J.: 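Sharing a structure below in structure tokens format, with a few things to ask.
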Amino acid sequence: MATDYDAPRRDEVDLGEDSLEELKSRRTDAQSAIVDVDDSDIAENFELPGADLADEDMTVKVLPMQADEFRCSRCFLVHHRSQLAAERNGELICRECA
């Protein structure tokens, strides 16, 4: 059962004084079968895979790979040189893939 923490609190003495009919009426009044949610608001936050994003603007500035960075030959992510674990046959491998 949901608890309304903002409602004023009542003493245990007051709780014992409620009649059965009053409690039943409060229970039916508090519950409502109608949910006030707009379906279009929920759907706006989801993007389906393969969705057409041609009209979207790119908001991330892409920088070229810097001199102190390398691209891992296994995961193809760009890492800082401090993440270099091994170099095998000219292939650079990061610590996560090693």
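Note that the structure is predicted; figures quoted are calculated from it, not measured.
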J.: CD of Q83 to CZ of F70: how many Å apart, nearest 0.5 Å?
T.: 7.0 Å
J.: Nearest 0.5 angstrom please: E96 CD to R74 CZ, how far?
T.: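 Between E96 CD and R74 CZ, I get 13.0 Å after rounding to 0.5 Å.
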J.: Would a 4.5 Å heavy-atom cut-off, applied to side chains only, mark R88 and I93 as touching?
T.: yes
J.: For E69 and V78, which heavy atoms make the closest approach, and how far apart are they?
T.: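 In terms of heavy atoms, the two residues are closest at OE1-CG1, 3.7 Å.
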J.: Compare all side-chain heavy atoms of C94 with those of L84 and state whether any distance is below 4.5 angstrom.
T.: no
J.: Keeping R81 on the side-chain end and D68 on the backbone end, is there a donor-acceptor pair under 3.5 Å?
T.: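 The answer is no, because no donor-acceptor pair under 3.5 Å joins these two groups.
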J.: R71 side chain to M65 main-chain N or O, any donor-acceptor pair under 3.5 Å?
T.: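 Not a single qualifying donor-acceptor pair exists.
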J.: Which pair of non-hydrogen atoms, one from E91 and one from S73, has the smallest distance, and what is that distance?
T.: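 Heavy-atom minimum between the residues: CB-OG, 3.4 Å.
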J.: Give me the atom names and distance for the closest heavy-atom approach of H79 to C72.
T.: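 Where H79 meets C72 most closely, the heavy atoms are CD2-CB, 4.1 Å.
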